[in-house]
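If you're wondering where the values come from, they're calculated on a predicted model, not measured in any experiment. By convention in this document, chain letters (A, B, ...) are assigned in the order of the sequence lines, proteins followed by strands, and residues within each chain are numbered from 1.
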Amino acid sequence: MEDTTPIDSSERWIDIDKLLTRNGNLVGPGFEPGPELREFLQQDCKVLCIGAGGLGCEILKDMALSGFVNIDVIDMDTIDISNLNRQFLFRLQDVGKPKAVVAAERINARVPGANVTAHFGRIEDMPLQFYQEFTVIVLGLDSLEARRYMNSIACSLLEFDEEGNPDMSTIKPLVDGGTEGFKGHARVILPGVTPCFECTLWLFPPQTKFPLCTLAETPRTPAHCIEYAHLILWSQQRSHEEFDTDDEEHMQWVYSNALARAKQYGIEGVTFQLTQGVVKNIIPAIASTNAIVSAACVLEALKLITMCSTGLNNYMMYTGSQGIYTHTVAYERDPQCPVCSAGVEVVAPADSTLQQVIDLMLAHPQLGKMLAHPSVSYGSKQLYARGIYEEDSRPNLAKPVRELLEGDEPAALLTVNDKKLSASLRVRLRLKEPQQ
Amino acid sequence: MSDQSGNAIDNKSKRYDRQIRIWGAEGQQRLEHARIALLNCSPTGSETLKNLVLGGIASFTIVDGNKVRPRDLGNNFLVDAARLGHSRAQVVTDLLKEMNDSVSGSYVEDTPEELLQNNPSFLEGFDLVIATQMPEQQLLQLDELCRAKGVKLLVVRSYGLMGYMRASLPEHVVIESKPDSQVDDLRLTCPWPALLEYAYSFDLAAVDKHVHMHIPYVVLLLLALREWRASLGPDTAPDRLPGNAAERGAFKQVLQGMRRYQGEDGLPLEEENFDEALKSAFHAWTRPSTPSEVRAILEDPKAQNLEPSTPDFWLLVAALRKFVASEGGGRLPLDGNIPDMHATTDLYLQLQRLYRQQADADVAAVEGHLAALLGALGSPGRAIASSDVRHFCRNARNIRVVRYRTLAEECSSDAAAARGTSLAAALAEEGSAANANLYLLLRACDRFAATHGRYPGVHDSTVEDDVPLLKQAAQQLLGELGASSGQVQDDYVAEMCRLGAAELHVVASVMGGMAAQEAIKLITQQFVPFSGSLIYNAMASTTSIFAL
């Protein structure tokens, strides 16, 4: 038919084809230019976009217009009016609908041939096998916890050979973007090669909270008055109700009580806008920064898959409020990273029992923070399991761990699981003979 | 769309809530009055405009002479397949308007060159012209026109795996530059009488435990300074400050000595206010300084040669200058803000009041100077609102002025200009070489196009043969710019040919984001716009700004 020919004509992809079919010097390792690259992108390749919000909308658009066809998107949120200044796939009449669903619809309607599949739900509810299908996963998230979760998923897919080197075929690349006002970052995470999210957790300073005594006794700022109403007064007067930031009445209650407190202490500056900002921890957001970071991320995803150009190694920070400034850094892996390394080393006396080894893990400065009631396996063998097999495996706790392991390897690779963890951890157990 | 006007306002403030938290209601107002012209609506222009439409500009007009072609379906989100063959300007206009129905949009189906030739006064109705994907030769003419008509110009280009951006206007002044962080303006090294009086009203030995552990650290540091000076002897100057590491160490010891470690009940005391004082001890010896940018503004001839036509900003600068030279004692007005600090509500509010009162006194002094200047100017009826003077004084440390060379100055073949040396140096230095190559090669590509009627590598058949030709164009350009010692790298020449002037959506999207951000700064007059020539390197994911 006349209509389909122009859409499918090679002229359509003339720009991207220059990148994918022409040889060059400033390209990725093993770059093989040719029509097969775009064919792969459009047919066999599956990519996943986590989030359909400020970054997600941009990422989906960028993917669809970079030759990707099979795109999945997952988001647990519904559309709010305050999204509309940047989440351009949504309209006023979409308010209340699931973001992932509407975003997928709009991309599929606009970009001929695009095959975006929506998942309205939580990332934690998808099985590991779901994530395994994708060639690259691009993150458009707005929380540390969600990033840590996806990071642990990708890193748990990583396998190591006997020497402790990553098996390249099991690397699940992540491209992570984040924005806040005029600031943003784009980073490439290749588990086992580049630092993972956990390796560089120090990049994100902890959120400071107001001390309770300040809120209760010596408020000085409008924010103190607001958090007093939100955290203290609410639990005193409405403890039977769970506070819901999306409930207009709850927010108004906090606001009017914050105002009253402020008036009582002679503090000026409590407004409804500030109340929302403090209680919901609102991060200011604009379309421009999201556009920059998302496109940078999708470009890196394209490069990772096709090698059509040199890649970002491995973290780009962007700031646009005072001029324009970017800083690109090659961060290094933490060789002892509990999430992406071949295993955090735990040294135990050679005659230790399994219980003693577990106790050492719990006392370990890094591991101890991540574990509460660990289960331990060695390869496919469950050494000690929590839950329904606990009773059966309990006798192992008293046995010397050497008996439970095979061979005379200097270090045994154990897999540790725990309710606190989102994915398993690797521990390298080294048994030390006592010195004579 | 909305039933009652109340509902409309409510929806609007909700829609823009996340950005109003950045530039405030006033910034949003300015945005909502902005009229933008976009030249060419391929992805670079479309994405830039999309970000501005989402932000709520008043109106836009797109100038583009092309029809929607299959190529647009491969790289432009603002076109739809159903309207292949239609005017691209019209289609993009329609699809943008869907994103925000408060924004008016129109289009002209003409190439920018034709329109500017036949109707140059077209530009007059706009606050900002965004020119995308236009070659150097056309941009030079456009810039001249924009300067003549007093219209701001923003140039944006996506070319293969690189991008370029440049603003052009005579001058941009900012009061609210809103730096990311700032040292608190506490003035402990030069306290005014009322502040000292307040601090000295505290008798640390006599106050009860509760007060002692809630005295704000500003007071503690002033008391410690008094005690430290006393420890040096009775002839110590009353404004003597701890001048070296040893003295500062001694000062901190004095501070520690003022602590109480036990309450009246004998239980240990945690005195957080003292902890804060120690962390902020540098305020006791660091004099307030005027940022170099502000000093340059104060010295600027525009603040001295005042005329009836002088804009308010420069009058305020002139008044500020007078203040600094007299009441200010060489310093800017007090900004009046104090950070939160461990204290009782009352003590904190008392301190806060003192700072605000002194800041207000400084504003009144500046207003006095302003009145005198206005009087001398002989412009009866001209006044600047008190609130504007206060706003200016509050932000005195943050005022910025950005000036831009014309494109002609940047591109002129003046072999003697200092520009040539900086370019040659940038090409040689490891950190800047890649992006300096891209800057040079983009301009060389325009030269190539002017000579050969097409960009290098546009067709598969000429990619290889174009390489030496592009290199030649680059070397010639280097010569004209007085940068013959500069070397262009073969890898980059080859890459520019390989990419054959492709307009990749992702690169256009990055440029569209940066361009929209800069447009917003120019419109809201908040934050600081970049100046110079920005190069985005999509291969390495870096940016550089060259002042050429």
Side-chain angles (χ1 to χ4, degrees), chain A residues 6-7 9 11-16 18-19 22 24-26 58 61-62 65-66 81-82 84-86 88 91-92 110 112 181-182 186 218-221 265-267 277 282 284-292 294-296 298-300 302 309-310 312 316 320-326 328, chain B residues 1 11 14-19 21-22 47 50-51 54-55 69-71 73-75 77 80-81 84 99 161 177-180 214 340 343-345 348-349 463 491 494-495 498-500 502-506 509-510 512-514 516-517 520 527-530 534 538-543 545:
Chain A
I7 290 170
S9 80
E11 195 202 327
R12 180 177 178 194
W13 300 108
I14 203 171
D15 295 280
I16 213 102
K18 284 177 181 162
L19 201 56
R22 294 174 173 191
N25 301 341
L26 300 172
E58 291 280 342
K61 161 183 70 77
D62 296 340
L65 289 171
S66 297
I81 296 184
S82 64
L84 301 180
N85 78 324
R86 64 206 183 279
F88 62 92
R91 306 280 173 264
L92 195 56
R110 178 62 59 82
F182 284 108
T218 57
R220 296 174 295 267
T221 67
Y265 280 86
I267 296 169
I282 291 178
I286 43 179
S288 48
T289 321
N290 283 342
I292 296 164
S294 303
V298 173
L299 176 57
E300 290 309 313
L302 181 66
S309 183
T310 56
L312 164 64
M316 180 192 76
S321 69
Q322 316 292 305
I324 289 182
Y325 179 68
T326 60
T328 306
Chain B
M1 266 294 94
N11 273 357
K14 283 184 183 165
R15 172 192 279 261
Y16 299 129
D17 178 83
R18 299 301 187 265
Q19 64 195 41
R21 287 171 192 275
I22 295 177
E47 287 295 314
K50 151 186 146 276
N51 297 328
L54 290 168
R69 296 189 49 97
R71 184 186 173 194
L73 299 182
N75 70 4
F77 190 74
D80 58 27
L84 271 171
M99 288 188 180
L161 285 172
S177 62
K178 294 186 170 172
D180 291 324
H214 284 94
D340 187 29
T344 59
T345 309
Y348 181 79
L349 293 179
V463 177
D491 277 347
E495 187 65 8
R498 172 171 101 102
L499 292 164
E503 193 172 354
L504 299 166
H505 181 81
V506 280
S509 219
V510 171
M514 293 203 277
Q517 169 196 284
I520 287 169
F527 304 99
V528 184
F530 85 106
L534 178 129
M539 301 170 236
S541 197
T542 61
T543 58
I545 295 184

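Between chain B and the options A/Ala285, A/Gly266, A/Ser309, A/Ser294, the largest number of non-hydrogen pairs under 4.5 Å is found for A/Ala285. Between chain B and the residues A/Gln322, A/Met316, A/Glu300, the most heavy-atom pairs under 4.5 angstrom are made by A/Gln322. Interface check for chain A: of the options B/Asp17, B/Ile22, B/Leu161, the most heavy-atom pairs under 4.5 Å are formed by B/Ile22. Most heavy-atom pairs under 4.5 Å with chain B: of the set A/Val298, A/Leu19, A/Ile16, this distinction falls to A/Leu19. Among A/Ala295, A/Gly277, A/Ser321, A/Pro284, the residue with the largest count of heavy-atom pairs under 4.5 Å with chain B is A/Ser321. Heavy-atom pairs under 4.5 Å with chain B were tallied for A/Gly181, A/Pro219, A/Pro112, A/Ser66; the largest tally goes to A/Pro219. Contacts with chain A were tallied for B/Ile520, B/Asn75, B/Thr345, B/Ile545; B/Thr345 has the most, counting heavy-atom pairs under 4.5 Å. Between chain A and the residues B/Lys178, B/His214, B/Glu47, the largest count of heavy-atom pairs under 4.5 Å involves B/Glu47. Highest contact tally toward chain A, considering only B/Val510, B/Thr542, B/Asp80, is held by B/Val510 [criterion: heavy-atom pairs under 4.5 Å]. The residue among A/Ile14, A/Asn290, A/Thr310, A/Leu26 with the most heavy atom pairs within less than 4.5 Å of chain B is A/Leu26. Ranked by non-hydrogen atom pairs under 4.5 Å with chain A, the options B/Gly513, B/Ala516, B/Ala502, B/Pro529 are led by B/Gly513. Your options are B/Phe527, B/Tyr16, B/Phe530, and the one with the most heavy-atom pairs under 4.5 Å with chain A is B/Phe527.
When heavy atoms are compared at a cutoff of 4.5 Å, A/Arg22 approaches chain B by way of both its backbone and its side chain. For chain B, the nearby part of A/Thr328 is the side chain; its heavy atoms alone come within less than 4.5 Å. Of the atoms belonging to A/Thr221, it is side-chain heavy atoms, and not backbone ones, that fall under 4.5 Å from chain B. Within the 4.5 angstrom heavy-atom criterion, only side-chain atoms of B/Glu495, from C-beta onward, approach chain A. A/Ile282 touches chain B through its side chain: at least one heavy atom from C-beta onward sits under 4.5 Å away, while N, CA, C and O do not.
When all heavy atoms of A/Leu312 and B/Ala540 are compared, the closest pair comes out as CD1-O, 4.2 Å. Residues A/Ala291 and B/Ser509 share a closest heavy-atom pair of CB-O, 4.0 Å. Closest non-hydrogen pair, B/Leu349 versus A/Tyr265, comes out as CD1-O, 3.1 Å. Taking each heavy atom of B/Arg498 and A/Gly24 in turn, the nearest pair found is CD-CA, 3.6 Å. The minimum heavy-atom distance between B/Arg18 and A/Ser82, with the atom names listed, is NH2-OG, 3.4 Å. Among all heavy-atom pairs drawn from A/Leu84 and B/Arg15, the shortest one is O-NH1, 3.6 Å.
Remark: the backbone N or O of B/Phe77 is paired with a side-chain donor or acceptor of A/Arg110 at under 3.5 angstrom.
Using a 4.5 Å heavy-atom threshold, the side chains of B/Leu54 and A/Asn85 count as separate. Side chains of A/Arg91 and B/Met99 form a contact here, defined as non-hydrogen atoms less than 4.5 Å apart. Side-chain contact between A/Lys61 and B/His505: present, with at least one pair of heavy atoms (C-beta onward) separated by less than 4.5 Å.
Atom-to-atom distance recorded for A/Arg12:CZ and B/Leu73:CG is 5.5 Å, nearest 0.5 angstrom. The distance from atom CG of A/Asp15 to atom CZ of B/Arg71, rounded to the nearest 0.5 Å, is 4.0 Å. Taken to the nearest 0.5 Å, the OG1 atom of A/Thr289 stands 9.0 Å off from the CG atom of B/Asn51. The CD1 atom of A/Ile292 sits 5.0 Å away from atom CD of B/Gln517, with the distance rounded to the nearest 0.5 Å.
No more than 12 heavy atoms of other residues, nucleotides or ligands shown are found within 6.0 angstrom of CZ on B/Arg69.
The salt bridge (Lys or Arg N to Asp or Glu O under 4.0 Å) search around A/Lys18 returns none, not counting sequence neighbours.
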